[in-house]
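A short worksheet on the structure shown next.
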There are 4 protein chains.
Amino acid sequence: MESSHRELKEQAWLANVEIPRRGLAIATFGNASAFDAAAGVMAIKPSGVPYPTLTAADMVVVDLAGTVVEGTLRPSSDARTHLVLYRSLPGLGGVAHTHSTYATAWAQAGRAIPILGTTHADHLAEDVPCTAVMSEAAASLDYETETGNQILEVFRTRNPLHVPMVLVAGHGPFTWGTSADQAVYHAQVLEQLAQMAFVTRSIHPGAPRLPEHLVRKHFERKHGPAASYGQRK
Amino acid sequence: MESSHRELKEQAWLANVEIPRRGLAIATFGNASAFDAAAGVMAIKPSGVPYPTLTAADMVVVDLAGTVVEGTLRPSSDARTHLVLYRSLPGLGGVAHTHSTYATAWAQAGRAIPILGTTHADHLAEDVPCTAVMSEAAASLDYETETGNQILEVFRTRNPLHVPMVLVAGHGPFTWGTSADQAVYHAQVLEQLAQMAFVTRSIHPGAPRLPEHLVRKHFERKHGPAASYGQRK
Amino acid sequence: MESSHRELKEQAWLANVEIPRRGLAIATFGNASAFDAAAGVMAIKPSGVPYPTLTAADMVVVDLAGTVVEGTLRPSSDARTHLVLYRSLPGLGGVAHTHSTYATAWAQAGRAIPILGTTHADHLAEDVPCTAVMSEAAASLDYETETGNQILEVFRTRNPLHVPMVLVAGHGPFTWGTSADQAVYHAQVLEQLAQMAFVTRSIHPGAPRLPEHLVRKHFERKHGPAASYGQRK
Amino acid sequence: MESSHRELKEQAWLANVEIPRRGLAIATFGNASAFDAAAGVMAIKPSGVPYPTLTAADMVVVDLAGTVVEGTLRPSSDARTHLVLYRSLPGLGGVAHTHSTYATAWAQAGRAIPILGTTHADHLAEDVPCTAVMSEAAASLDYETETGNQILEVFRTRNPLHVPMVLVAGHGPFTWGTSADQAVYHAQVLEQLAQMAFVTRSIHPGAPRLPEHLVRKHFERKHGPAASYGQRK
């Protein structure tokens with residue numbers, strides 16, 4: 001059968017295979033999706049399928065209401081969390097969820113990752129935020145949708161394209177970007193930031209945050225109107 | 001000579017070669033076995049043979065009384081521990097024993113691995129238990145059988161298929177499942193949980209256990225009667 | 001078009017591709033340059049180009065005043081920091097900048113790496129120095145040039161060929177040598193020293209510096225007039 | 001030219017190339033030698049040659065007095081340390097010296113590695129000993145010979161074949177065995193023990209030594225007259 005979403009599925013698949021390749025998850029852990037805002041659909045990894053056997057054709061296409069519109073496999077059990085993000089955070093073209101070791105450890109500690117250096121400031125200008133632990137009341141509702149709602153709570157006061165990552169307390173990281181590829185890139189960056197912050201605070205428990213003037217400098221070098229990083233487009 | 005247990009030996013061999021491939025042991029450390037409950041025999045790695053030279057034909061087939069029924073090599077020195085588990089814990093199709101770094105460190109610390117997040121709760125709904133240190137009296141009996149008995153002590157009050165892993169204090173992890181392949185998968189998951197718990201408690205020594213309502217939610221998502229994870233069979 | 005700096009660009013490119021190969025940076029992080037003192041130009045990595053797609057022809061040739069003299073891509077955003085070093089520190093043939101995990105963690109902690117053993121003393125005879133955090137006043141000037149100036153401050157009283165590495169506080173390491181290849185070698189050595197020092201101080205927070213008589217012994221074995229290491233030239 | 005020590009050089013070379021392959025050293029760090037007790041010569045790595053370019057023909061053959069009897073390259077700067085061990089510790093067929101991360105960190109901490117579990121007890125029945133820091137007086141003599149003498153001090157009261165490894169304080173590990181291959185195997189085991197002990201004591205600073213009855217049990221399983229590990233010879 002001819003797919004109406006061949007490219008979207010290809011993008012989602014490429015992003016998913018990068019998750020284990022970059023050491024961000026073992027076995028079937030983690031998932032990535034690609035979003036087509038015009039069509040109002042995302043392509044996402046099927047549930048519980050190991051990465052080495054995954055093909056682009058296996059990707060499941062789901063509309064914003066959660067209905068499967070293409071694909072014979074069940075979507076990832078985290079699909080409804082992805083959908084909450086696409087419905088409410090404007091500009092997202094991809095979402096990734098991993099169980100990478102150090103980012104998950106910070107999430108398990110229930111702690112935001114402090115902004116301690118320029119590697120961090122090159123990507124976001126504040127601590128990597130951490131959600132509250134989900135209450136028993138919320139967990140008794142639709143769990144995956146509520147996970148998304150916990151994240152939205154954090155982004156009431158933040159621009160998701162300026163802070164493209166979050167820790168879900170007791171669970172692990174979700175990251176995103178303008179594409180599925182960028183979402184996985186942010187998952188890799190987050191894991192690096194999480195490990196560096198762990199080592200920094202082990203060396204010096206009182207290591208201070210990067211001063212605000214350096215945070216701004218680095219973030220604007222990459223993201224401001226006067227950005228000087230990368231090649232001119 | 002024609003083998004009566006060709007498939008069982010193949011399963012045991014495949015599981016054993018995954019141990020070093022997944023970074024769970026160096027040199028000749030560790031071993032996995034596959035159990036055929038109907039025939040009452042297990043196939044296990046021979047003792048002291050390095051993984052790269054191992055073949056399926058090298059696997060040693062041993063009956064539940066410990067008698068070698070097929071194979072020219074000596075079985076793993078831990079064979080009698082595997083046999084105790086197959087004799088007493090119903091439903092096991094495979095057992096794995098590794099010396100993976102972080103799981104062994106928790107075993108050496110004599111501490112259960114606390115359930116700190118959903119990666120853990122996806123696989124078991126409680127701390128990874130740790131046996132008592134073996135007494136001098138027990139160690140003077142058949143040591144490998146007594147190691148199995150230390151494990152059984154822990155499973156008097158636990159369902160081994162719900163808690164498919166244990167730490168033997170001062171020694172290292174044993175894991176199992178309905179197949180040898182699943183036993184090694186659980187060894188890999190355990191190593192991941194052990195590393196995450198180490199980092200979490202280094203970041204925040206007082207990091208609390210995952211609340212019970214989230215433990216249940218995740219465990220039942222994968223294992224309960226209303227499991228929503230993976231593909232429908 | 002024929003290049004006037006073919007060899008220099010080749011050296012710079014070879015050094016850059018070693019950065020991810022030796023695990024010193026992910027994605028586009030980090031950069032290395034090669035300097036031709038006679039011609040007064042350096043070849044450096046272009047900004048924001050991922051390592052796997054990099055070619056020798058992509059290297060950008062820049063003169064000591066910062067003018068691009070060859071190449072169609074923008075030079076690394078850190079180019080002006082490299083230029084400060086080539087202008088002021090005599091004898092440098094290459095500079096490398098990475099975001100390697102452990103060296104960056106010490107930089108984020110704002111701490112010099114103590115000289116705790118002979119691996120360290122084989123390469124430099126004192127702690128790896130760490131700059132001050134850049135003031136708001138300095139950061140409001142040309143940021144990359146000021147980063148270089150922060151480093152020069154440290155080398156007022158040090159021989160840069162005897163101490164071929166520095167941590168920029170809150171940022172990460174810069175290393176150098178008589179060639180681009182040696183600069184990357186020093187980046188790799190620094191990462192090893194940084195990890196060993198982290199583990200040493202975790203095991204024993206009061207671990208003392210290597211006594212001065214052993215520091216001298218090892219440094220002179222490799223670098224003194226009576227050096228006994230390596231092959232006679 | 002025909003070599004009189006072709007096999008010995010081959011053994012030394014094979015052991016040396018395993019050092020970086022097993023992640024025990026970067027660049028030119030570390031060295032291994034093979035000893036022919038009957039001929040009274042050892043073959044050892046030349047000084048400062050990177051592992052990837054090393055060939056068996058590069059190995060340098062040195063007699064017990066330290067005279068090069070075959071080879072055109074300079075022997076490793078640690079050669080005289082190896083010779084002290086071959087001259088004074090009976091039964092050695094190979095020696096390895098690495099700068100592996102965790103073993104070196106314990107050496108830099110100046111601490112013996114405590115025997116915390118059976119992985120350790122399978123290989124030696126006590127803590128991995130650590131020498132004293134070399135005095136200024138000793139360091140002013142022949143440094144490499146004195147390093148060997150520091151090690152001998154530790155083995156006045158120990159059987160080197162029962163304790164095939166030592167930490168030189170502020171420096172790093174030396175290991176040995178009945179062959180060069182076994183020496184490198186012990187270097188790899190030591191690195192594993194060092195990492196496990198670091199993690200164990202990080203999890204639980206008061207983690208106790210393995211009780212003596214379990215130490216004996218494991219050591220004798222592999223090494224005693226009633227050894228049950230491995231294949232019968």
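Values reported hereafter were calculated over all heavy atoms of this structure, with side chains retained and with hydrogens, waters and symmetry mates removed. Protein chains get the first letters and strands the later ones, always in sequence-line order, with residue 1 at the start of each.
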For chain B, which residues of residues 114-123 of chain A have at least one non-hydrogen atom nearer than 4.5 Å to it? none

Interface moiety of A/Arg111 toward chain B, non-hydrogen atoms closer than 4.5 Å: side chain

So, using side chain to side chain donor-acceptor pair (under 3.5 Å) as the criterion, who are the partners of A/Arg22 when residues are at least two apart? A/Glu18, A/Gln188

Please list, chain by chain and in numerical order, all residues satisfying side-chain contact (heavy atoms from CB on, under 4.5 Å) with B/Pro164, sequence neighbours excluded. B/Leu124, B/Trp176, B/His186

First locate atom SG of B/Cys130, then atom CG of B/Leu167, and finally report the distance between them rounded to the nearest 0.5 Å. 5.0 Å

Taking atom OG1 of A/Thr147 and atom CG of B/Leu214, what is their separation to the nearest 0.5 Å? 8.5 Å

Taking the ring centre of each residue, are B/Phe219 and B/His162 less than 6.0 Å apart? yes

For the residue pair A/Tyr143 and A/His171, does the interplanar ring angle fall in the parallel (under 30°), tilted (30 to 60°) or perpendicular (over 60°) class? parallel

Segment of A/Glu144 engaging chain B (4.5 angstrom heavy-atom cut-off): side chain

For A/Lys9, the side chain to side chain donor-acceptor pair (under 3.5 Å) test, sequence neighbours excluded, returns A/Glu70

Need one label for A/Val49: side chain, backbone, both or neither, based on atoms under 4.5 Å from any heavy atom in chain B. side chain

Which answer fits A/Thr101, side chain, backbone, both or neither, if we ask what part of it has an atom under 4.5 Å from a heavy atom of chain B? both

Distance col, row A/Leu24:CG vs A/His97:NE2, nearest 0.5 angstrom, shows 12.0 Å

Toward chain B, the part of A/Ser135 with a non-hydrogen atom under 4.5 Å: backbone

